Peer 1: 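Supplied in structure tokens, the structure appears directly below.
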Amino acid sequence: MPKVPETEFVWRNGKLIKWADATIHALSHVVHYGSSVFEGIRAYTTSRGPAVFRLKEHIRRLVDSAKIYHMEVPYSADELCRATAQTIHGNKLNACYIRPVIFRGYGTVGVDPLGAPSEVFIFAYPWGAYLGEKSQQEGVDVMVSSWNRQAPNTLPAFAKAGGNYLNSQLMKIEARAQGFVEAIALDTRGFVSEGSGENLFFVRNGTLYTPPLVAAILPGITRDTVIQIARERGLTVVEGDLPREMLYVSDELFFVGTAVEITPIRSVDRIPVGTGKPGPVTRDIQAAYAAIVTGKDSAKQDWLYHVGAD
Ligand code: PMP
């Protein structure tokens, strides 16, 4: 993984501070108990300057994640949107990745989280393709993980919480050790769930399939975007439980997520997906997504939050 490209400023609890000052005490609650919620967001270059894609939906999910964990957020959703814009603007960034994080900070010891103060940070920095330079063009090779996603009565999948990513890390470590770039997990019932940091779509006989919210997935904003794009193009999209073998007999398969955008999968467990090359539906959705995020689709301007506009 590449090193984080440092930028000048970080937004911390209401103001921009120097990148090097964005530090916390090692006894902070989050360090010991994984008590954080966060977002991964992208801004793109448009003809009207940088625009954040579906910022309001990302901030809504951040606030929801905090609510699930009874975490106090001392800022409104609007304030967090403006803070995001300020972080991009302050760093003179154009296309970039944005990482807001809210966590339980320093002040108490022990599991009980309620006395630990919340801290809010927003980072923004340039960031390219998540699964490698050629991943979006050529597709990626993945495996089915031996790790399952969490059962629904253990850790809530709706919350994008730091602790959930321990499971993702195990998936990733296993995949890397076996020479794959990414892994797909099943849920505890044995149905297909998602990648370590992406949702999944299948194409078979021209119909799109994607695992449902009950399959331990994060309700992805790119997933929602792709469902809307596909339906507008007249494709049928089925949200339903999918058995593992659908991974092997689909015509096309692709990951979706803020980081990976739309990334074709060309093999699973070394079995080629379809012809082993990215297929026409994947390509079409990739192109539609690229047009939307860069402001070239006039029908989808509502999804863009222009940074200069505040
Ligand atoms: N699932 C997981 C586990 C993720 O971490 C992500 C990335 N946030 C996604 C799915 C995709 O979500 P989104 O499209 O909102 O980025």
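Numbering of ligands and ligand atoms starts at 1, following listing order. These numbers come from a predicted model, not from an experiment. For the single chain, residues carry numbers from 1 onward in sequence order. Atoms considered below: every heavy atom in the structure, side chains included; atoms not considered: hydrogens, waters and symmetry mates.
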Peer 1: Between D302 and R54, is the closest basic N to carboxylate O distance under 4.0 Å?
Peer 2: no

Peer 1: Hey, which atoms in ligand 1 end up nearer than 4.0 Å to a heavy atom of G197?
Peer 2: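 Contacts of ligand 1 toward G197, numbered from 1: 1 (N), 2 (C), 3 (C), 4 (C), 5 (O), 6 (C), 7 (C), 9 (C).
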
Peer 1: So for ligand 1, is G220 a polar contact partner (N or O within less than 3.5 Å, distance only)?
Peer 2: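 N/O-N/O distance under 3.5 Å: no.
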
Peer 1: With ring centroids as reference points, do F255 and Y130 lie under 6.0 angstrom apart?
Peer 2: no

Peer 1: Does even one non-hydrogen atom of E261 get within less than 4.0 Å of ligand 1?
Peer 2: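 No; E261 lies far enough from ligand 1 that no heavy-atom distance drops under 4.0 Å.
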
Peer 1: Check this for me - ligand 1, R149, N or O atoms closer than 3.5 angstrom, yes or no?
Peer 2: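 N/O-N/O distance below 3.5 Å does not exist for this pair.
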
Peer 1: Would you mind listing which atoms of ligand 1 come within a distance below 4.0 Å of any non-hydrogen atom of E194?
Peer 2: 1 (N), 2 (C), 3 (C), 10 (C)

Peer 1: In plain terms, say whether D21 and R12 are close enough for a salt bridge, that is, a side-chain N and a carboxylate O under 4.0 Å apart.
Peer 2: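 Salt bridge between D21 and R12, a charged N being under 4.0 Å from a carboxylate O: no.
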
Peer 1: Which label fits W11 and Y75: parallel for a plane angle under 30°, tilted from 30 to 60°, or perpendicular past 60°?
Peer 2: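 W11 vs Y75 ring planes: perpendicular.
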
Peer 1: Could you pull out, from N199, I41, I221, the option with a heavy atom nearest to atom 11 (C) of ligand 1?
Peer 2: N199

Peer 1: Which class fits the ring pair Y289 and F53: parallel under 30°, tilted 30 to 60°, perpendicular over 60°?
Peer 2: perpendicular

Peer 1: Should the pair E72-K67 be classified as a salt bridge under the 4.0 Å nitrogen-to-oxygen rule?
Peer 2: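 No.
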
Peer 1: Which residue owns the protein heavy atom closest to atom 16 (O) of ligand 1, what's the atom, and how far is it?
Peer 2: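 Looking at atom 16 (O) of ligand 1, the protein heavy atom closest to it is T258 OG1, 2.6 Å.
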
Peer 1: For atom 8 (N) of ligand 1, what's the nearest protein heavy-atom neighbour? Residue, atom name and distance, please.
Peer 2: K160 NZ, 2.7 Å

Peer 1: Between S168 and ligand 1, does any nitrogen or oxygen pair lie at a separation below 3.5 Å?
Peer 2: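 There is no such contact.
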
Peer 1: Give yes or no for whether the N/O distance cutoff of 3.5 Å, strictly under, is met between R61 and ligand 1.
Peer 2: yes

Peer 1: If the contact criterion is a heavy-atom separation under 4.0 Å, does E39 count as touching ligand 1?
Peer 2: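 The answer is no, since E39 has no heavy atom less than 4.0 Å from ligand 1.
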
Peer 1: Show which atoms of ligand 1 fall inside a sub-4.0 Å distance from at least one heavy-atom site of Y165.
Peer 2: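 Answer, ordered by atom number: 2 (C), 3 (C), 4 (C), 5 (O).
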
Peer 1: Any carboxylate oxygen within less than 4.0 angstrom of a Lys/Arg side-chain nitrogen, looking at R61 and E39?
Peer 2: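 Yes, R61 and E39 are salt-bridged.
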
Peer 1: Would T210 and I217 count as a side-chain contact (heavy atoms from CB on, under 4.5 Å) if you check the C-alpha gap in whole Å, the side-chain angles of each, and the deciding distance to 0.1 Å?
Peer 2: CA-CA 10 Å; T210 195; I217 64 164; 6.0 Å; no

Peer 1: Any donor and acceptor pair, going by atom type alone, linking the side chain of E79 with main-chain N or O of S76 inside 3.5 Å?
Peer 2: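 Side chain of E79 to backbone of S76: a pair is present.
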
Peer 1: Name the closest protein heavy atom to atom 14 (O) of ligand 1, giving the residue it belongs to and the distance to 0.1 Å.
Peer 2: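 Checking every protein heavy atom, the shortest distance to atom 14 (O) of ligand 1 gives T222 OG1, 2.5 Å.
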
Peer 1: What is the ring orientation for F123 with F121, classed by angle as parallel under 30°, tilted 30 to 60°, or perpendicular over 60°?
Peer 2: parallel

Peer 1: Check ligand 1 against S196 and write out every atom of the ligand that is under 4.0 Å from a heavy-atom position of the residue.
Peer 2: 3 (C)

Peer 1: Does ligand 1 have any atom sitting under 4.0 Å from a heavy atom of P219?
Peer 2: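 Outside the 4.0 Å threshold, so no.
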
